[in-house]
Amino acid sequence: MLHKFKKIDYSIVFILLILMVISILSIYSTTFGRPKLEGLTRNAVIFYILGFVIFFGISMINYKVIIKNYLYIYGVGMLLLILVMFIGQEYYGAKGWLSIFGFSLQPAELFKLCLIVFLSALLARKKNRPLYFGRDVIPISLCVLPPLLLVLLQNDLGNALSYVVILVGLLWIGNIKFSHALIGFMIAVAAFVGGTQAYIHYHDEIVKFLKDIGRSHWADRFDPWLVPDQTSRDVLWQTYNAKLAIGSGGISGKGYLEGTTIQSNRVPLAYADSIFVQIGEEFGFVGASVLLLLYFILIHRLVLIALECKDRAGPYLIVGIIAMLLYQIFVNIGPFIGLMPLTGITLPFISSGGTSLVLNMISMGIVMSIKVHTEENEDILGSAEQPGITDLVMKLFRRKPSQQEQ
């Protein structure tokens, strides 16, 4: 056991400790003087302690055990997503939380990791052979469709889109053909440009449609980004005040607990989705840059561990985790500097939120497990010729291949 602790990348541990300090200080600042929120700082400390215990615990477990049980992990994740549709609690317009022993659990957050494990196991079985569109890409993409639809039904657009980003990231390093990747990229660009232009030109009709299907809050998130001139002051309130606060922070910020916009509570959910605003206002460009630099160093270390890994599944797991983190960072910060609409995603390791923090610490634990156990040559996926992804998907639904398929 001791020799495993010696293999841990303590530069990552150090970065996580710095992020913990930033998180606790930021949450305290955003809840300072508000009795209803005063327990969030204490909760952040508790969840970080729990997170580090989980981090070191998972680091000592061979990650190949996790890969081996990828079907069960995917199945449990799907079960939680289905369960939340019936007995889930609604917060901020999204019905996506389960109450377990007094704690709120968000299955859509946890399923990101379930999806990463599942897709990594499927792709690792290809042994770096090219992915065929009909036999591999389509079946593996269909596995993402059910959770995507379930999370969209929960009104959680941000987490639903993260599943697509994870899928794209893993397909890219899964040796997808360049022609297929190029076609997919062109389709994505065309859909993005066409979608935004259609939203602008047919704004009233689209807003009416979203209202009819109970998704009017989606328009409240897109309007400040695409049609600010047609947006009410109430809808613009969060993004307008967020940009004002970040801009007023200047180079070095106004000082800790001195952010006028944050301390006057003019930015909703400043302790959660909008916590970057507090950093920008009170610590300025320097503070925001330091945070982004920490993220860059963390992701750089993850890439190095992936390159050093001798197993097939390890790099897929790490790339999936990197895709998840990059998506959350960009989508959280982007709306406050005018790059994209609000989607309600937490800032990794910084925002208040137990499920998100524990998920990220589990992810870091898996990465560390890959580093600790990378020299062990046991291949739990087997070295014999592996079945195609279509066969693996059929196995998921308990369908045995016919003799002709075998």
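These numbers come from the heavy atoms of this one structure, side chains and all, not from hydrogens, waters or symmetry mates.
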Engineer: State whether the side chain of N175 and the backbone N or O of L131 hold a donor-acceptor pair below 3.5 Å, judged by distance alone.
Structural biologist: no
Engineer: Quick check against the 3.5 Å criterion: does Y63 have a side-chain atom that pairs as donor or acceptor with the backbone of V372?
Structural biologist: no
Engineer: Do Q106 and L359 have side chains that get closer than 4.5 Å, going by heavy atoms?
Structural biologist: no
Engineer: Checking side-chain polar atoms at under 3.5 Å, does D223 have a donor or acceptor matched by the opposite partner on Y199?
Structural biologist: yes
Engineer: Answer yes or no: is there a donor N or O on one side and an acceptor on the other, between the side chain of T31 and the main chain of E38, under 3.5 Å?
Structural biologist: no
Engineer: Hey, is the main chain of I27 close enough, under 3.5 Å, to the side chain of Q278 for a donor-acceptor pair?
Structural biologist: no
Engineer: Do the non-hydrogen side-chain atoms of D273 and I345 ever get within less than 4.5 Å of each other?
Structural biologist: no
Engineer: Using only atom types and a distance under 3.5 Å, with no angle test, would you say the side chain of S352 pairs donor to acceptor with the backbone of A272?
Structural biologist: no
Engineer: Locate the shortest heavy-atom distance separating P335 from L342; write the atom from each residue and the value.
Structural biologist: CB-CD2, 3.6 Å
Engineer: How close do C143 and P146 get, heavy atom to heavy atom, and via which atoms?
Structural biologist: O-CD, 3.6 Å
Engineer: For D156 and V151, indicate whether the former's side chain and the latter's backbone hold a donor-acceptor pair under 3.5 Å.
Structural biologist: no
Engineer: Measuring from atom CG of L145 to atom CG of L152, what distance do you get when rounded to the nearest 0.5 angstrom?
Structural biologist: 9.5 Å
Engineer: Got a second to check how far F283's CZ is from Y256's OH, nearest 0.5 Å?
Structural biologist: 6.5 Å
Engineer: Is the closest basic N to carboxylate O distance between D212 and K208 below 4.0 Å?
Structural biologist: yes
Engineer: Between T261 and E281, does any side-chain donor sit less than 3.5 Å from a side-chain acceptor?
Structural biologist: yes
Engineer: Using a 3.5 Å distance criterion without hydrogens, assess whether the side chain of S351 forms a donor-acceptor pair with backbone atoms of L347.
Structural biologist: yes
Engineer: Between atom NZ of K112 and atom CG of N360, what is the distance when rounded to the nearest 0.5 Å?
Structural biologist: 7.5 Å
Engineer: Measure the spacing between CD1 of I18 and OG of S23 and express it to the nearest 0.5 Å.
Structural biologist: 13.5 Å
Engineer: Any heavy-atom pair between the side chains of R312 and L123 that's under 4.5 Å?
Structural biologist: no
Engineer: Return the minimal non-hydrogen interatomic distance between F32 and Q263, and the atom names on each side.
Structural biologist: CD2-OE1, 4.0 Å
Engineer: Hey, are E282 and S29 close enough side-chain-wise for a donor-acceptor pair under 3.5 Å?
Structural biologist: yes
Engineer: Counting only heavy atoms from other residues, nucleotides and ligands, does the tally under 6.0 Å from OH of Y240 exceed 12?
Structural biologist: no
Engineer: With a 4.5 Å limit on heavy-atom distance, are the side chains of P268 and W237 in contact?
Structural biologist: yes
Engineer: Parallel, tilted or perpendicular for H300 and F296, by the 30°/60° rule?
Structural biologist: parallel
Engineer: State yes or no: are the ring centers of Y295 and F349 separated by less than 6.0 Å?
Structural biologist: no
Engineer: With a 3.5 Å distance limit and no angle check, can you tell me whether T196 reaches the backbone of F192 through a side-chain donor-acceptor pair?
Structural biologist: yes
Engineer: Spell out, as yes or no, whether a donor-acceptor pair under 3.5 Å connects the side chain of Y163 to the backbone of A108.
Structural biologist: yes
Engineer: Going by the rule side-chain contact (heavy atoms from CB on, under 4.5 Å), which residues pair with M60 if we only count those two or more places apart in sequence or in a different chain?
Structural biologist: M1, K4, F5, I8
Engineer: Output yes when a side-chain donor or acceptor of S356 lies under 3.5 Å from a complementary backbone atom of G353, and no otherwise.
Structural biologist: no
Engineer: Can E308 and K371 be counted as an ion pair, charged N to O under 4.0 angstrom?
Structural biologist: no
Engineer: With no hydrogens and no angle check, do the side chains of S274 and Q238 hold a donor and an acceptor under 3.5 Å apart?
Structural biologist: yes
Engineer: What's the separation between atom CG in L210 and atom CH2 in W218, rounded to the nearest 0.5 Å?
Structural biologist: 7.5 Å
Engineer: Going by the rule side chain to side chain donor-acceptor pair (under 3.5 Å), which residues pair with Y48 if we only count those two or more places apart in sequence or in a different chain?
Structural biologist: none
